[in-house]
Amino acid sequence: MMKYFTGSFIVTVVGIILAYLWGEHVHSGTGLLCVFIALILGVLEVSLSFDNAVVNAVKLEKMEHIWQHRFLTWGIIIAVFGMRFLFPLLVVAIFAKLSIIKVASIALTDSNQYAHYLHLTHAPIVAFGGAFLAMLFFAYMFNCEKEVHWIKGVEKYCSHLGNIKGLETILTLILVLITHHYVPAEYKASVLSSGVIGVVTYLLIDGITHWLEKHEAQRAKELAQVAKGGGLVAFLYLELIDASFSLDGVLGAFALSQDILIITIGLSIGAMFVRSLTIMLVEKKTLDQYIYLEQGAHWAIGALAIIMFISTTMEVPEVVTGLIGLGFILSALVSSILHNNKSKKEC
C-alpha cells in the first residue's frame, strides 16, 4: 500500500504545514482550524471521487506506462493548480467581466466577495460538467459491443439502442434543454451555452480518440506518431473527466471555507489520494478481478450528471452526492464478489 500512497502522504504533510502557516498568517490562532478544514476537504474529495478513480483506471490501463506516470505527475499539477485554483478564477473572470489578476486579488484578500462571484457562476459551471458526464454515461451504456452487464435488464436494452447513431447526444441535449427551462431567466443563456459546450467538448475528444485508433494499422513510423498522439489525447480526456468530477467538490467546498488557498490545499490532498488509488487499481488488475466495478462507476457518473443538472436550480448536499456514488461502487463490488464466488463453485 505504501508503494502507491507514499506520494499522497507526503502531499498531505506538506499541505498540513502550508494550511497551518497560511491560517496563522491570515489570522493568528486559526492555524489548527485551517488544518482541520483542509483535512475534511481532502476526505470529502476522496469520498466524492471513488467512481472517478475506477473510470480513470479503465482508461489508464490501456495507456503506455510513461503516460500512466505523467497522469500521476503532470496530471496532479493540472488537477491542483489548474482545476482547484486557476479554473474557478478563470470562470469568475469571464462571467464577472474582470481580469483574472483582479479576481485572484479578490480571492486572496476578500473571500466573501469571491464566494459571491463564484456562486453567480455556479449554474453554467455545473451545466458544463453535467453535460460532459452525461455524454460519458450514455456513450458507455449505448455501446452495442459491451458484453458485461451488471443491471442486466436495463443495460442489455441500452446496448441494443447503441445502433441508433447520436442517441447519447440527443438525450444529453434534451437534458440541457430541460435544465435551461427551469433555471432563472438571468442564467438561461449561460446554462444553455455551457451545456452545449460540454457536449461539443466530449464529441471533440472522443472523435480524435477514435480517429487515432482507426489509423493504428498504418506503417511503423506513422504508428509511433499515432501512439504518442493517442497517449496525449487519452491524457487530456482523463483530465477532462477528472475536471468534470471535481466541479461539485470545488463548488461544495465553499460550504466549509471561503478561503481559496485552504480549499485548494484540502482538495489537492484528496485529488492526490484519488490518483494513487487509480494507479493501484491499474497495477493490481482490480478491474479484472471485480468485473462489475466499471459498470457501477458509470452508473455513479450518470447519477452525478443528473445531480449537477438539478443543482442549477436547487442545492444538493454534498453528502447526498457522495453517498450515491459510493453506493453504486459498493453495490457493484458486492455483485462482483458474489459473481466470483458463484464461478468458483461452478468450477
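Remember, predicted model here, so these are calculated numbers, not experimental data.
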Residue pairs passing the ring-ring contact (aromatic ring centres under 6.0 Å, His included) test with at least one member in residues 7-26, sequence neighbours excluded, are Phe9-Phe273, Trp22-His25

Of Tyr140, Tyr292, Trp150, the one forming a ring-ring contact (aromatic ring centres under 6.0 Å, His included) with His298 is Tyr140

Can you label the angle between the Phe132 ring and the Tyr202 ring as parallel, tilted or perpendicular, going by 30° and 60°? perpendicular

Let me have the donor-acceptor pairs involving side chains of residues 158-175, under 3.5 Å, with sequence neighbours excluded, atom names and distances please.
from	atom 1	to	atom 2	distance (Å)
Ser159	OG	Asn143	O	3.1
Asn163	ND2	His160	O	3.3
Thr172	OG1	Glu168	O	2.8

Sequence neighbours excluded, the answer for side chain to side chain donor-acceptor pair (under 3.5 Å) partners of Ser8 is Ser276

Would you find a donor on one side and an acceptor on the other, under 3.5 Å apart, between the side chain of His122 and the backbone of Ser311? yes

Please identify each residue that fulfils side-chain contact (heavy atoms from CB on, under 4.5 Å) with Thr313, with sequence neighbours left out. Tyr182, Val183

Can you list everything that forms a ring-ring contact (aromatic ring centres under 6.0 Å, His included) with His116? Sequence neighbours excluded, please. none

Looking at residues at least two apart in the chain, or sitting in another chain, which of them share a ring-ring contact (aromatic ring centres under 6.0 Å, His included) with His181? none

Checking Glu24 now: which residues fulfil salt bridge (Lys or Arg N to Asp or Glu O under 4.0 Å) with it, not counting sequence neighbours? none

Under the side-chain contact (heavy atoms from CB on, under 4.5 Å) test, residues paired with Leu21 that sit two or more places apart: Ile17

Who are the ring-ring contact (aromatic ring centres under 6.0 Å, His included) partners of Tyr290, not counting sequence neighbours? none

Taking the side chain from Thr30 and the backbone from Leu33, do they hold a donor-acceptor pair closer than 3.5 Å? no

Please check: side-chain N/O of Gln295 versus main-chain N/O of Ala332, any donor-acceptor pairing under 3.5 Å? no

Considering residues at least two apart in sequence or located in another chain, which fulfil the salt bridge (Lys or Arg N to Asp or Glu O under 4.0 Å) criterion with Lys146? Glu155

Minimum side-chain heavy-atom gap Ile37-Ile263 below 4.5 Å: no

Could you tell me which residues satisfy side-chain contact (heavy atoms from CB on, under 4.5 Å) with Leu177, sequence neighbours excluded, listed by chain and number? Leu192

Can you name the residues that form a side-chain contact (heavy atoms from CB on, under 4.5 Å) with Ile197, not counting sequence neighbours? Phe128, Thr201

Between Ile301 and Leu133, which heavy-atom pair has the shortest distance, and what is it? CG2-O, 3.4 Å

